[in-house]
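Below is one structure, written out as structure tokens; the observations come after it.
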Amino acid sequence: GMHRDIWANQYQELIKDDVNSHSVRKLQSSIIICCLDKPVGEFVNTDRDIGAERVSNVHRTLHGGGTHLNSANRWFDKTLVFCIAPDGGSGCYLEHSIMDGVSSIALTNYCLSQRDILDSLAASSCDEDLENLPEIHPLKWNLSSSLRSSIITAGQELDKIAARLGASCFFFREFGHTTLKSYGIGSDGFVQLAMQLTHYRMHGYHTATYESVSTQRFKLARTDTVRSPCVESNALAKIFDQKNVSMHEKAKLMRGALDKHFQQVRMAAAGQAFDRHLFGLRMIATENGLPTPEIFSDPTYSQSCHFRLSTSQVRSPFAIHLAFGPVVDDGYGIAYLIRDRDILVTVTSFNDCPTTDHDLFAATMEKTLSDLFQLVLALPPPSKI
């Protein structure tokens, strides 16, 4: 819950003590941290209740649910943290500054692929195996009154953050990657277009949209940005719900928007996007005491970087709900996973923002995915050649 600069100062104060420094090193040198959480509520695992169950797990994994639940049972600076509840619900969060979702989802997919092996090992274990486990030693801390006061303040701030964040999950089962591919439609571009149309349906305007694209083909590279909105998607949004416009005309604009998105993704993955480049130039100016280039104070540039839609996807054969918060106060964080036969989506927004509504966005997007697919059916059949 602390601002990073404040935490950096408190961190230096914390490790002045040898006992604290030893405990911090143990945390930092570990491969992962595993948090054994206390229960946050009971949910029945049925289709009717699956949204509530998943939303509960999203909150528990992202921030712990507040200090009265599991937020104090975390070390948020750790790169990888696994959170496991008594009811079997589990999640993994990562500290994003040194790692991207591509790496963490690869690890998660591997762990989930080994479930049968782990179950058989657990079933065959005995008391003797448990006795041979390494001895567990609690980490010790010497906390001054100043540090204790800072911990209380940090907890209060974290509780505010946890209370602000709202989330909604849905499991779209009408189609997935396989069906869209059979019609010659790129599934990622299709979902991105559905998000833009959803925002237009709710708010009446097109907005800046951020989509993360991996640039890992380059040494030491991370990600860059695809700005999904384009002239074609804006034109489609304006006529999407107009009954006097033919399906053929709408389908033509949809195809143009999807083709443009495909080109943008290819360019970004090949290092041809501009956001990281401009960020680098801005940091060079800042670090060298140079005047900030005028483009960064231009209102148009500032508006283009106010990402009310911040989006990202991962690839997994498992039913995983990725989640993250909005990057602006009046925005949405939209994480999605496209599987062969279904699509999983998590939408977040801030509860104290009067202009956003994560529940309504999720419900509208679910309908928009179905409506947009009707335009796919209006397209000429893909060539078999």
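In this structure, OG on S214 lies 10.5 Å from CG on D224, to the nearest 0.5 angstrom. D100 contributes atom CG, which lies 8.0 Å from atom CG of L94 (distance to the nearest 0.5 angstrom). Atom CG in L372 sits 7.5 Å away from atom CG in L258 (nearest 0.5 Å). Considering SG of C111 and CD1 of I32, their distance stands at 7.5 Å, rounded to 0.5 Å. Here the CG atom belonging to L337 is positioned 9.0 Å from the CZ atom belonging to R315, to the nearest 0.5 angstrom. Note that the CZ atom of R341 and the CZ atom of R173 stand 13.5 Å from one another [nearest 0.5 Å].
H358 and S168 are not linked by any side-chain donor-acceptor pair at a separation below 3.5 angstrom, with hydrogens and angles left out of the test. Y336 and D188 share a side-chain donor-acceptor pair at under 3.5 Å. Side chains of E95 and S97: a donor on one and an acceptor on the other come within 3.5 Å. A donor-acceptor pair shorter than 3.5 Å cannot be found between the side chains of R54 and N57. H203 and T355 form no side-chain donor-acceptor contact under 3.5 Å, judged by distance and modelled atom types alone.
The shortest non-hydrogen separation linking S233 to A257 is N-CB, 3.8 Å. A194 approaches L369 most closely through the heavy-atom pair CB-CD2, 3.6 Å. Across every non-hydrogen atom of P291 and A285, the tightest pair is O-CB, 3.9 Å. Closest of all the heavy-atom pairs between F350 and V328 is CE1-O, 3.7 Å. The shortest heavy-atom contact between P138 and I136 is CD-O, 4.0 Å. The nearest pair of heavy atoms linking V58 to C169 is CG2-SG, 3.9 Å.
Checking side-chain atoms of T286 against main-chain N and O of R282 turns up a donor-acceptor pair under 3.5 Å. Judged by distance alone, the side chain of S113 and the main-chain N or O of Y110 form a donor-acceptor pair under 3.5 Å. Within the 3.5 Å criterion, the main-chain N or O of T223 finds a donor-acceptor partner in the side chain of R276. Of the possible polar contacts, one joining the K250 side chain to the Q242 backbone as a donor-acceptor pair under 3.5 Å is found. The backbone N or O of T207 lies less than 3.5 Å from a partner atom in the side chain of T209, making a donor-acceptor pair. Between the side chain of T348 and the main chain of G333, a donor-acceptor pair closer than 3.5 Å is present. Of the possible donor and acceptor atoms, one in the side chain of Y332 sits under 3.5 Å from a partner among the backbone N and O of D357. The backbone N or O of L322 sits less than 3.5 Å from a side-chain atom of T346, completing a donor-acceptor pair. At least one donor-acceptor pair closer than 3.5 Å links the side chain of R60 to the backbone N or O of G89. The backbone N or O of Q28 lies less than 3.5 Å from a partner atom in the side chain of K78, making a donor-acceptor pair.
Taking a 6.0 Å sphere around CZ of F296, one finds it holds more than 12 heavy atoms contributed by other residues, nucleotides or ligands. In this structure, I31 places its CD1 atom where only 12 or fewer heavy-atom neighbours from other residues, nucleotides or ligands lie under 6.0 Å away.
Transitive grouping of hydrophobic side chains (ILVMFWY, heavy atoms separated by less than 4.5 Å) brings V245 and L379 into a common cluster. Put simply, F373 and M195 are part of the same group of oily side chains (I, L, V, M, F, W, Y) that touch within less than 4.5 Å, one to the next. V213 and M267 are not part of a single hydrophobic cluster, where members link through side-chain heavy atoms under 4.5 Å apart. With hydrophobic clusters built from ILVMFWY side chains whose heavy atoms lie under 4.5 angstrom apart, M365 shares a cluster with F172. Under a hydrophobic clustering in which Ile, Leu, Val, Met, Phe, Trp and Tyr are joined whenever their side-chain heavy atoms come within less than 4.5 Å, directly or via other members, L236 and M202 fall into the same cluster.
Ion pairing of E157 with K160 is present here, as a side-chain N (NZ or NE/NH1/NH2) and a carboxylate O approach within less than 4.0 Å. Salt bridge annotation for R74-D37: present, with a cationic side-chain nitrogen under 4.0 angstrom from a carboxylate oxygen.
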Criterion side-chain contact (heavy atoms from CB on, under 4.5 Å) on N351 and R164, from CA distance to verdict: CA-CA 5 Å; N351 292 319; R164 282 191 76 200; 5.6 Å; no
Decide yes or no on salt bridge (charged side-chain N to carboxylate O under 4.0 Å, His left out) for R4 and D77, but give the supporting numbers first. CA-CA 11 Å; R4 290 183 180 184; D77 278 0; over 6 Å; no
Going through the distances and angles, do L112 and I320 end up as a side-chain contact (heavy atoms from CB on, under 4.5 Å)? CA-CA 10 Å; L112 292 175; I320 299 170; 3.8 Å; yes
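Taking the six-membered ring for Trp and the full ring otherwise, F175 and Y183 have centroids separated by 6.0 Å or more. Ring to ring, Y200 and F240 are not that close: their centroids are 6.0 angstrom or more apart.
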Taking distance alone, no hydrogens or angles, what donor-acceptor pairs closer than 3.5 Å link side-chain atoms of residues 64-71 to residues at least two apart or in another chain?
from	atom 1	to	atom 2	distance (Å)
T67	OG1	D159	OD1	3.1
T67	OG1	D159	OD2	2.8
N70	OD1	K38	N	2.9
N70	ND2	K38	O	3.2
S71	OG	H63	O	2.3
S71	OG	G66	N	2.7
S71	OG	G66	O	3.2

With a cut-off of 3.5 Å and sequence neighbours excluded, list every side-chain donor-acceptor pair involving residues 297-306.
from	atom 1	to	atom 2	distance (Å)
S297	OG	E294	O	3.0
D298	OD1	T300	N	2.8
D298	OD1	T300	OG1	3.4
D298	OD1	Y301	N	3.4
S302	OG	D298	O	3.2
S304	OG	Y301	O	2.7
H306	NE2	D330	OD1	2.7

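No side-chain heavy atom of D275 sits less than 4.5 Å from a side-chain heavy atom of Y210. Side-chain contact check for V231 versus K260: every heavy-atom pair is 4.5 Å or farther apart. Contact annotation: the side chain of I105 approaches that of N109 to within less than 4.5 Å [non-hydrogen atoms, C-beta and beyond]. Considering only heavy atoms from C-beta on, C353 stays 4.5 Å or farther from D329 through its side chain. Under the 4.5 Å side-chain criterion, counting only non-hydrogen atoms from C-beta, H261 is not in contact with C230. In this structure, the side chains of T198 and F361 come closer than 4.5 Å at one or more pairs of heavy atoms. Annotation: side chain of Q216 is in contact with side chain of V102 (closest heavy-atom distance under 4.5 Å). For the pair L197/D371, no side-chain contact is recorded, criterion being any heavy-atom separation below 4.5 Å from C-beta on.
Residue V81 is found in a hydrophobic cluster whose other members, listed by chain and number, are M2, I6, W7, Y11, L14, I15, V24, L27, I33, W75, F76, Y93, L139, W141, L143, L147, I151, L158; membership requires side-chain heavy atoms under 4.5 Å apart, directly or through intermediates. Other residues sharing the hydrophobic cluster of V19, ordered by chain and number and joined by side-chain separations under 4.5 Å: none, the residue standing alone.
Screening residues 15-24 for side chain to side chain donor-acceptor pair (under 3.5 Å), with sequence neighbours left out, gives E13-K16, D17-N142, S21-R25.
Evaluation of the side-chain contact (heavy atoms from CB on, under 4.5 Å) rule for H137 yields E135 as partners, not counting sequence neighbours.
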